[in-house]
Undergrad: 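After the structure tokens below, expect a handful of questions from me.
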Amino acid sequence: MSLRVVFMGTPDYGVPSLEALIAAGYDVAGVFCQPDKPSGRGKKIAFCPVKQCAVAHGIPVFQPVKTRVDGVEPLRKLAPDLCVTAAFGHILSQEVLDIPRLGTVNVHASLLPAYRGSAPVNWALINGEMVTGVTTMMTDKGMDTGDILMQREVAVEPGENAGALVDRLARMGAELLIETLRAIENGDCPRRKQDEALASYYPLLKKEMSRMDFTKTAKQLCDFVRGMNPWPGAYAGAYKVLEARAEDWNGNEAPGAVLRADPKAGLWIRAGEGALNVLRMQAAGGKPMDARDYLRGHQIETGARIAPEETDAE
RNA sequence: CGCGGGGUAGAGCAGUUCGGUAGCUCGUCGGGCUCAUAACCCGGAGGUCGAGGGUUCAAGUCCCUCCCCCGCAA
């Protein structure tokens, strides 16, 4: 007799978990996701990835504006044994959490208690972490503060960006979720409180955070580029930097100065320490391309500052 | 009807206003030079200018239709 489960999630990150639940034979009674919003070019209404997946499997979809308000009744009617959340984006009230008799399990993309919050993968990369992972936990009223059930570590690949890593963690999280549910069913799932002393919280990324600060070291800038891609992106003036490498550089140029800019050498920018070798970039209105390709058709003056003065401040 | 940019040689771009022999940088191929190079010199190949139709003596360029790509915004 398999558990009756309600899944809650919205973006791509949640899809592998939802699919894993279905594939593992759980009775997925319903799927909650955020309301459809106009998005994309042309402002068309698009289903979020989780909804697309649910629809494809013929699972009823619920899109409350605020789950703790208009989601309560629908959830009660579904009478789930257990709820699963994965990047749902809504804060659940105690009333909601009390509905499933076995509680609510969250699949979080970090090694809790580190990197609580909505953008754990991005921040782990920005901070230059070499190891991260996924955690299954009991959702409580706090922000990723519930008891830890299972964890799995993973080494960050050199040069891996947030998009790729989220992808990888989403699949790992899906596997770990199934393991966790099996254990819960068997009544032998481990469970431990989070150590508050080790906890860290990081906020949602915002577009305003996307500006590159060239007074930082080349290594820090590389990590920033990785962590901010594919969204919101790392911006150096008018250019979005998609991929970069840290290089040694000795000289007294000001941070942000263009050191080299031609099709053969590529684009090098002075950092607070070392130089940033921009490998892939994107100009406003343009498509992503190798920096060298860009320089074949566009000129950037050596010695110029890549970013306007005022963006160096702060 | 949310706003906007674009499709020209393998790559990245200019040329379109005001129709008149298809250009630039890089790559590539061949030759030369140098102790050496992200070096330099000489020469060559490579393009149905996104598709279709129209106007014209003549269309990459003007008119109409369509396809595709991308940025902002989310």
Side-chain angles (χ1 to χ4, degrees), chain A residues 8-15 32-53 61 63-67 86-91 117-119 121-122 161-163 166-167 203-212 218 225 227-251 253 257-271 274-304 306-308 311:
Chain A
M8 301 177 173
T10 301
D12 285 313
Y13 171 76
V15 173
F32 278 52
C33 66
Q34 294 201 23
D36 297 329
K37 279 181 264 185
S39 72
R41 204 170 293 125
K43 284 282 191 195
K44 290 185 283 278
I45 297 284
F47 290 0
C48 66
V50 163
K51 180 172 177 178
Q52 287 179 28
C53 178
V61 175
Q63 298 176 279
V65 176
K66 281 193 176 184
T67 299
F88 180 35
H90 278 181
I91 293 170
S118 305
V121 180
N122 304 277
N161 70 22
V166 165
D167 226 59
L204 195 59
L205 293 182
K206 293 211 175 75
K207 192 85 182 176
E208 303 86 75
M209 303 171 179
S210 62
R211 222 173 48 213
M212 296 173 74
V225 167
M228 297 296 273
N229 276 302
W231 195 92
Y235 284 85
Y239 308 106
K240 186 166 166 183
V241 179
L242 303 175
E243 202 182 320
R245 196 165 53 201
E247 309 277 0
D248 291 331
W249 186 271
N250 293 308
E253 301 87 353
V258 176
L259 301 172
R260 295 166 161 179
D262 68 76
K264 296 191 174 173
L267 178 59
W268 292 50
I269 304 169
R270 189 74 165 96
L276 192 72
N277 179 5
V278 177
L279 300 175
R280 279 185 73 72
M281 60 190 287
Q282 182 167 22
K287 54 180 159 190
M289 64 180 82
D290 288 350
R292 290 167 189 224
D293 288 341
Y294 181 82
L295 291 167
R296 284 190 181 102
H298 303 84
Q299 275 216 305
I300 298 178
E301 269 183 56
T302 306
I306 195 70
T311 65

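Chain A is the first sequence line, chain B the second, and so forth, proteins listed ahead of strands; every chain is numbered from 1. These numbers come from the heavy atoms of this one structure, side chains and all, not from hydrogens, waters or symmetry mates.
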Undergrad: Pick out which of A/Asp12, A/Val61, A/Val15 makes a side-chain contact (heavy atoms from CB on, under 4.5 Å) with A/Cys53.
TA: A/Val15
Undergrad: What is the separation between atom CG on A/Leu242 and atom C1' on B/rG71, rounded to the nearest whole Å?
TA: 12 Å
Undergrad: Any strand counts, and the cut-off is 3.5 Å on both contacts for Watson-Crick or G-U wobble. Which nucleotide pairs with B/rG43?
TA: B/rC29
Undergrad: Any chance you could measure A/His90, atom NE2, to A/Thr10, atom OG1, to the nearest 0.5 Å?
TA: 7.0 Å
Undergrad: Please step through side-chain contact (heavy atoms from CB on, under 4.5 Å) for the pair A/Met212 and A/Val225, ending with a clear verdict.
TA: CA-CA 8 Å; A/Met212 296 173 74; A/Val225 167; 3.7 Å; yes
Undergrad: With C1' as the reference atom in both, quote the distance from B/rA9 to B/rG44 in angstrom, rounded to an integer.
TA: 14 Å
Undergrad: To the nearest Å, give me how far apart CG (A/Asp290) and C1' (B/rG10) are.
TA: 14 Å
Undergrad: Take A/Ala283 and A/Gly266, find for each the nucleotide of RNA chain B with the closest heavy atom, and name the residue whose nucleotide sits nearer the 5' end.
TA: A/Gly266
Undergrad: Between B/rG43 and B/rG60, how far apart are the C1' atoms? Round to whole Å, please.
TA: 28 Å
Undergrad: Mind checking whether A/Asp290 and A/Arg280 have side chains closer than 4.5 Å, heavy atoms only?
TA: yes
Undergrad: If you round to the nearest 0.5 Å, how far is CG of A/Leu267 from CE of A/Met281?
TA: 5.5 Å
Undergrad: Could you tell me the Watson-Crick or G-U partner of B/rC18, where both distances fall under 3.5 Å? Say none if there is no partner.
TA: none
Undergrad: What integer number of Å spans the C1' atoms of B/rC62 and B/rU16?
TA: 10 Å
Undergrad: Return the value, rounded to whole Å, for the distance between atom CG of A/Asn229 and atom C1' of B/rG71.
TA: 15 Å
Undergrad: Side chain of A/Met289 only, heavy atoms from C-beta on: which candidate in B/rU25, B/rC40, B/rG12 is closest?
TA: B/rG12
Undergrad: Is there a side-chain contact between A/Gln282 and the phosphate of B/rG71, meaning an N or O under 4.0 Å from OP1 or OP2?
TA: yes
Undergrad: Tell me the interatomic distance from A/Ile300, atom CD1, to B/rC13, atom C1', rounded to whole angstroms.
TA: 14 Å
Undergrad: In whole angstrom, give me the gap between the C1' atoms of B/rG47 and B/rA11.
TA: 14 Å
Undergrad: Taking atom C1' in both B/rC3 and B/rA74, what distance in whole Å separates the two?
TA: 13 Å
Undergrad: Does B/rA39 have its OP1 or OP2 closer than 4.0 Å to a side-chain nitrogen or oxygen of A/Lys264?
TA: yes
Undergrad: Please list each protein N or O that sits under 3.5 Å from an N or O in nucleotides 72-74 of chain B, with the distance.
TA:
unit_1	atom_1	unit_2	atom_2	d
B/rC72	OP1	A/Tyr235	OH	3.1
B/rA73	OP2	A/Lys207	NZ	3.3
B/rA73	N1	A/Gly40	N	3.1
B/rA74	O2'	A/Pro38	O	3.4
B/rA74	N6	A/Trp231	NE1	3.4

Undergrad: Figure out the NE2/C1' separation between A/His298 and B/rG12, and round it to whole Å.
TA: 7 Å
Undergrad: Atom CD1 of A/Ile45 to atom P of B/rC1: distance rounded to whole Å?
TA: 15 Å
Undergrad: Are A/Leu242 and A/Lys240 packed together at the side-chain level, in the sense that at least one heavy-atom pair is separated by less than 4.5 angstrom?
TA: yes
Undergrad: Evaluate the criterion side-chain contact (heavy atoms from CB on, under 4.5 Å) for residue pair A/Tyr239 and A/Ile300; output intermediate values, then yes/no.
TA: CA-CA 11 Å; A/Tyr239 308 106; A/Ile300 298 178; 3.8 Å; yes
Undergrad: Taking the C1' atom of each, how far is B/rC13 from B/rA22, in whole Å?
TA: 14 Å
Undergrad: Using the C1' atom as the reference point in each nucleotide, state the distance between B/rC24 and B/rG32 in Å, no decimals.
TA: 24 Å
Undergrad: Would you mind reading off the distance between A/Asp293 atom CG and B/rG27 atom P, rounded to a whole angstrom?
TA: 12 Å
Undergrad: Rounded to whole angstroms, how far apart are CZ on A/Arg260 and P on B/rA39?
TA: 12 Å
Undergrad: Watson-Crick or G-U wobble partner for B/rC62, using a 3.5 Å limit on both distances?
TA: B/rG54
Undergrad: Hey, what do you get for CG (A/Leu295) to CZ (A/Arg260), rounding to the nearest 0.5 Å?
TA: 12.5 Å
Undergrad: Would you call the rings of A/Phe32 and A/Phe88 parallel, tilted or perpendicular, where under 30° means parallel and over 60° means perpendicular?
TA: perpendicular
Undergrad: Go ahead and name the base partner of B/rC3; Watson-Crick or wobble counts if both distances stay under 3.5 Å, otherwise write none.
TA: B/rG71
Undergrad: Both distances below 3.5 Å, Watson-Crick or wobble geometry, any strand: find the nucleotide opposite B/rA38.
TA: none
Undergrad: For B/rG46 and B/rU56, measure between their C1' atoms and round to the nearest Å.
TA: 31 Å
